[in-house]
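First comes the structure, then the notes that go with it.
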Amino acid sequence: MNDQDPAGEPVRKHRRDPDGHRAAILEAARQTFAERGYARTTLREIARRAGVTHGLITRQFSSKERLFLAAVPGNRDLERVAAGDPATLPERIAHGFVHRMETDAANDPLVAVVRSAASDEGAATHLLAAMQEHSVTVYRSVLSPGTPAVRGDDLEIRVALVGSHLIGVTFNRYIARTEPLASMPPEQLTEHLARVLRHILFD
């Protein structure tokens with residue numbers, strides 16, 4: 001029996017293994033998002049590659065946006081980056097952002113947001129909303145643990161401003177490659193970024 005699709009790509013066989021299913025979905029998602037970009041990727045294509053049903057993906061991840069955030073670096077690693085002393089959170093955010101962008105900017109969620117906006121505004125809006133919701137939850141757990149979430153409160157506004165600033169840096173340095181950010185040494189960018197993020201979060 002041929003285990004390849006007509007295009008020559010391997011297709012996984014269906015199996016009854018919840019943990020294996022999740023791992024297969026995440027692996028297929030990473031590959032598909034990397035090859036096709038966020039806007040052109042469909043859950044049905046990911047399901048086909050992973051050897052699972054479309055319904056299983058929606059049951060486990062609920063949406064394309066949440067699957068993307070679970071599969072790719074960036075938001076997926078936010079809890080690890082944010083954990084620690086609230087006083088040094090800006091430095092951790094800056095260091096984590098610059099490190100991952102210098103390592104693999106092409107597959108970063110922020111790059112996906114910017115590029116999707118040019119071709120599919122709706123997709124970019126949904127993805128950005130999911131990222132914002134996740135970021136607010138994580139930052140609240142560090143900066144105001146135990147405080148009930150209130151829609152549109154000061155913390156949510158500050159987190160939105162942090163995200164907006166990071167998107168701006170993403171576009172200027174990693175997509176448009178405009179100066180002076182394009183050629184700035186990573187260490188210097190991290191210092192500048194940490195200072196600005198501290199102002200947004202605490203001042």
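- Considering only heavy atoms from C-beta on, Thr42 stays 4.5 Å or farther from Thr32 through its side chain.
- For the pair Arg80 and Arg92, the minimum side-chain heavy-atom distance is 4.5 Å or more.
- In terms of heavy-atom proximity, Ile57 sits nearest to Leu43 at CD1-O, 3.7 Å.
- In summary, Glu102 and Arg173 engage in a salt bridge, as defined by a charged side-chain N under 4.0 Å from a carboxylate O.
- Ser183 OG to Arg177 CZ: the interatomic distance, rounded to the nearest 0.5 Å, is 11.5 Å.
- Residue Leu89 is grouped with residue Leu161 when hydrophobic side chains (ILVMFWY) are merged at heavy-atom distances under 4.5 angstrom, including chains of intermediate members.
- Residues Phe68 and Thr41 are not in side-chain contact: their nearest non-hydrogen atoms beyond the backbone lie 4.5 Å or more apart.
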> Could you go step by step and tell me if Ser63 and Thr58 meet the side-chain contact (heavy atoms from CB on, under 4.5 Å) rule?
Replying inline: CA-CA 6 Å; Ser63 68; Thr58 56; over 6 Å; no
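- Around atom NE2 of His99, no more than 12 heavy atoms belonging to other residues, nucleotides or ligands sit under 6.0 Å away.
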> Stepwise, does the side-chain contact (heavy atoms from CB on, under 4.5 Å) test hold for Glu191 with His95?
Replying inline: CA-CA 9 Å; Glu191 291 177 4; His95 180 270; over 6 Å; no
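- Note on Leu201: it clusters hydrophobically with Tyr139, by side-chain heavy-atom contacts below 4.5 Å among ILVMFWY residues.
- In this structure, Thr137 contributes its side chain and Glu133 its backbone to a donor-acceptor pair below 3.5 Å.
- Applying the 6.0 Å contact sphere to NE2 of His165 captures more than 12 heavy atoms from other residues, nucleotides or ligands.
- Looking at Glu91 and Arg198, a side-chain N of the basic residue comes within less than 4.0 Å of a carboxylate O on the acidic one, giving a salt bridge.
- Both Leu78 and Leu155 are members of a single hydrophobic cluster when ILVMFWY side chains are connected at heavy-atom separations under 4.5 Å.
- Listed here is the closest heavy atom pair of Gly152 and Ile157: O-CD1, 3.7 Å.
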> Going through the checks in order, is the salt bridge (charged side-chain N to carboxylate O under 4.0 Å, His left out) test met by Glu27 and Arg22?
Replying inline: CA-CA 9 Å; Glu27 179 184 350; Arg22 184 177 179 85; over 6 Å; no
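- When side chains are defined from C-beta on, Leu181 counts as touching Met184, because their heavy atoms get closer than 4.5 Å.
- For Glu45 and Arg36, the salt-bridge test passes: some basic side-chain N is under 4.0 Å from an acidic carboxylate O.
- For CZ of Phe33, the number of neighbouring non-hydrogen atoms (other residues, nucleotides, ligands) closer than 6.0 Å is greater than 12.
- The minimum heavy-atom distance between Tyr174 and Val98, with the atom names listed, is OH-O, 4.2 Å.
- Within the 4.5 Å cutoff, the side chain of Leu197 has no heavy atoms near those of the Phe202 side chain.
- A salt bridge links Asp153 with Arg140; the closest basic N to acidic carboxylate O contact falls under 4.0 Å.
- Counting heavy atoms from C-beta on, the side chains of Met101 and Val111 come closer than 4.5 Å.
- Taking each heavy atom of Ala29 and Ala71 in turn, the nearest pair found is CB-CB, 3.9 Å.
- For the pair Pro86 and Leu143, the tightest heavy-atom approach, listed with the atom from each and the gap, is CB-CD2, 4.1 Å.
- Looking at Arg158 and Asp154, a side-chain N of the basic residue comes within less than 4.0 Å of a carboxylate O on the acidic one, giving a salt bridge.
- Distance alone, capped at 3.5 Å, places no donor-acceptor pair between the Ser144 side chain and the Thr147 backbone.
- Using a 4.5 Å heavy-atom threshold, the side chains of Glu156 and Gln132 count as touching.
- Counting all heavy atoms, side chain and backbone alike, Val142 lies closest to Pro145 at O-CD, 3.7 Å.
- Atom CD1 of Ile200 sits about 8.0 Å away from atom CG of Leu166, to the nearest 0.5 Å.
- Within a 6.0 Å sphere centred on NE2 of His54, heavy atoms belonging to other residues, nucleotides or ligands number more than 12.
- Contact of the Ile167 side chain with the Leu128 side chain is registered, since non-hydrogen atoms from C-beta on lie closer than 4.5 Å.
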